[in-house]
Amino acid sequence: MLNRNDEHVSVSTAAPSFTSNTEKDLKFCMAEKRPDPCILVIIGASGDLTARKIIPAIHNLHITKSLPLRFVTLGCARSKLDSQGFRERIKNSPLNNLQQDRAAWSKFSSSLFYSPVDYNDLSSFIELKKTLDELDRENRIGGNRIFYLAIPPSLYRQTAQMLGQAGLADEQEGNWVRLVVEKPFGRDLETAVDLDRVIHEHFQEHQVFRIDHYLAKETVQNILMFRFANSIFEPVWSRQYIDHVTIKAAETLGVEHRAGYYEQAGVLRDMFQNHMMQLLALTAMEPPSIFEPDRVRDEKTKVYRSLKPFSADRIEEYLMLGQYIKGTINGKAVPGYRDEPGVSPDSSVPTFAMMKLFLDNWRWQGVPFYLMSGKRLSSKVTEIQIQFKEVPHSVFRRTLGEHISANSLILGIYPEERITLTFQTKQPGTRVCLRPVTMDFHYRQDDDGPVLDSYEKVLVDCMLGDHMLFWRQDGVDLCWSFLTPILEKCETCSDKDGLLKKYPAGAWGTDNIERIWQEKG
Ligand code: NDP
């Protein structure tokens with residue numbers, strides 16, 4: 001449990017150990033090489049993700065001069081638009097605020113093009129190839145292409161096939177072709193394996209980039225730096241000193257306008273199969289021999305391989321599911337999940353889950369990991385809490401009793417980008433009293449340099465061919481192997497509704513959820 005601390009001790013920013021970057025280091029941090037010239041082809045460019053994330057990310061990269069020197073974006077979808085219509089649509093979309101910086105937009109938008117495509121028609125992809133070849137020639141790109149699948153997941157399979165059959169997956173000597181696949185990668189183990197098989201009929205593994213934008217958050221990337229660039233934490237990072245670990249990703253938002261997707265996914269597919277598993281792996285993995293994409297992903301895979309399967313007939317001991325009913329968030333009345341537009345009135349899709357899982361390995365034997373994520377909770381918070389064990393023997397027991405609140409380390413990911421360590425100190429005064437205090441590090445402390453948004457980071461990494469922040473298929477398969485029996489059990493059980501605890505929107509906070517779990521035993 002998180003201790004409520006009322007006193008704070010700030011770390012001194014003047015201490016030599018906290019003057020984080022020399023001028024040389026800072027330059028090094030920012031000196032990414034410019035990616036090769038390329039065309040970004042967004043398939044599904046009329047959709048939500050394109051307007052909300054992909055184009056704003058590219059636009060920002062244009063402003064910060066992080067794009068290749070020669071770069072164009074080609075949007076494709078079924079909608080019948082021309083390039084000008086596409087530019088207007090993106091600029092006027094309420095999903096972004098691109099119209100605010102008119103000068104930057106007008107310069108950037110001339111590099112945006114559009115070409116309609118029919119996902120069922122091979123000739124349409126052959127036409128696309130011609131359009132790309134022309135754009136390539138006109139802009140002296142040299143053949144490098146990224147195909148970004150920003151379409152509903154049910155279309156990934158056939159679109160990858162069409163790209164392959166139209167010859168768009170082929171890499172020629174001296175150029176590259178990459179395929180970006182958005183989550184979810186399949187909806188269970190079988191469909192994930194099948195999707196991968198189809199993709200690999202045309203694309204090789206080095207061409208495939210399975211995005212998990214969570215991994216690109218600075219504070220998520222920082223987890224490995226914190227663990228493996230400091231010698232003081234690693235010796236205590238195991239079952240010997242850690243009582244339990246809690247990984248939370250709570251949202252105040254409901255399903256918003258994405259009911260069509262969410263009704264098919266639910267919280268387990270939406271959050272657990274990807275983001276939560278990545279946070280778990282970063283927290284629990286062994287140090288890689290070197291910080292390279294495949295060495296890091298090898299270690300993550302070992303974590304997934306250690307996931308102890310749930311016993312299907314005792315699932316309630318390990319899993320708690322919930323669905324929000326109407327309630328109040330920040331003083332505003334909000335509808336229940338079943339009353340949201342596009343949601344079935346008798347939907348049994350969970351919008352909240354808390355899972356207690358164990359890793360069957362030497363380091364973590366017997367240490368529970370609580371993973372919790374949900375919509376319409378009382379606050380938006382993503383954090384990892386390492387709860388250490390109590391001291392083995394209280395020398396203060398005559399005055400303070402046997403129990404002294406244990407140390408806790410919080411890796412705050414959002415909205416608090418910070419690292420907080422709680423510990424006990426003496427309360428000033430004549431009596432022997434303890435007070436819990438916190439030592440806080442704010443991630444942006446001593447640094448006002450540029451920060452890449454997570455979509456900016458993954459797009460640049462893809463252009464650079466760096467797989468570090470992308471899923472490898474063995475990890476995807478292992479996570480589905482773990483989750484698929486749980487999903488099947490939940491989705492085929494005769495009393496699906498009975499598995500769901502109903503929670504009023506805004507009523508559950510992340511602290512009392514832990515209490516609910518602990519009361520549950
Ligand atoms: P949308 O539902 O907005 O769909 C994107 C485009 O695909 C639509 O504009 C539409 O274009 C086309 N499309 C939609 N439904 C169909 C259909 N049944 N048949 C053929 N074409 C269709 O998706 P998003 O942009 O929200 O998401 C794209 C992908 O990114 C999804 O896989 C999603 O899971 C993933 N993702 C999305 C996030 C988000 O925040 N939106 C976050 C993380 C991942 P047209 O009609 O013009 O062909």
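Whatever order the structure lists them in is the order used to number ligands and atoms, beginning at 1. These figures come from a predicted structure and were not determined experimentally.
In this structure Asn274 satisfies the side chain to side chain donor-acceptor pair (under 3.5 Å) test with no other residue, sequence neighbours excluded. Scanning for side chain to side chain contact (heavy atoms under 4.5 Å, CB included) contacts around Asn60 gives Ile63, Glu456, with sequence neighbours left out.
Across Asp298, Asp477, Asp196, a single residue satisfies salt bridge (charged side-chain N to carboxylate O under 4.0 Å, His left out) together with Arg472, and that is Asp298.
For residues 108-127, every residue pair satisfying the ring-ring contact (aromatic ring centres under 6.0 Å, His included) rule, not counting sequence neighbours, is listed here: His59-Phe108, His62-Phe108, Phe86-Tyr114, Trp105-Phe108.
Within 4.0 Å of ligand 1, contacts by protein heavy atoms are made from Gly44, Ser46, Gly47, Asp48, Leu49, Arg52, Ala77, Arg78, Ser79, Tyr119, Ala150, Ile151, Pro152, Pro153, Leu155, Tyr156, Glu182, Lys183, Pro184, Arg258, Tyr261, Tyr455.
In summary, the aromatic rings of Trp176 and Phe209 are positioned with their centroids too far apart to meet the 6.0 Å limit.
Defined by atom type and a distance below 3.5 Å, a donor-acceptor pair is present between the side-chain atoms of Tyr148 and Glu182.
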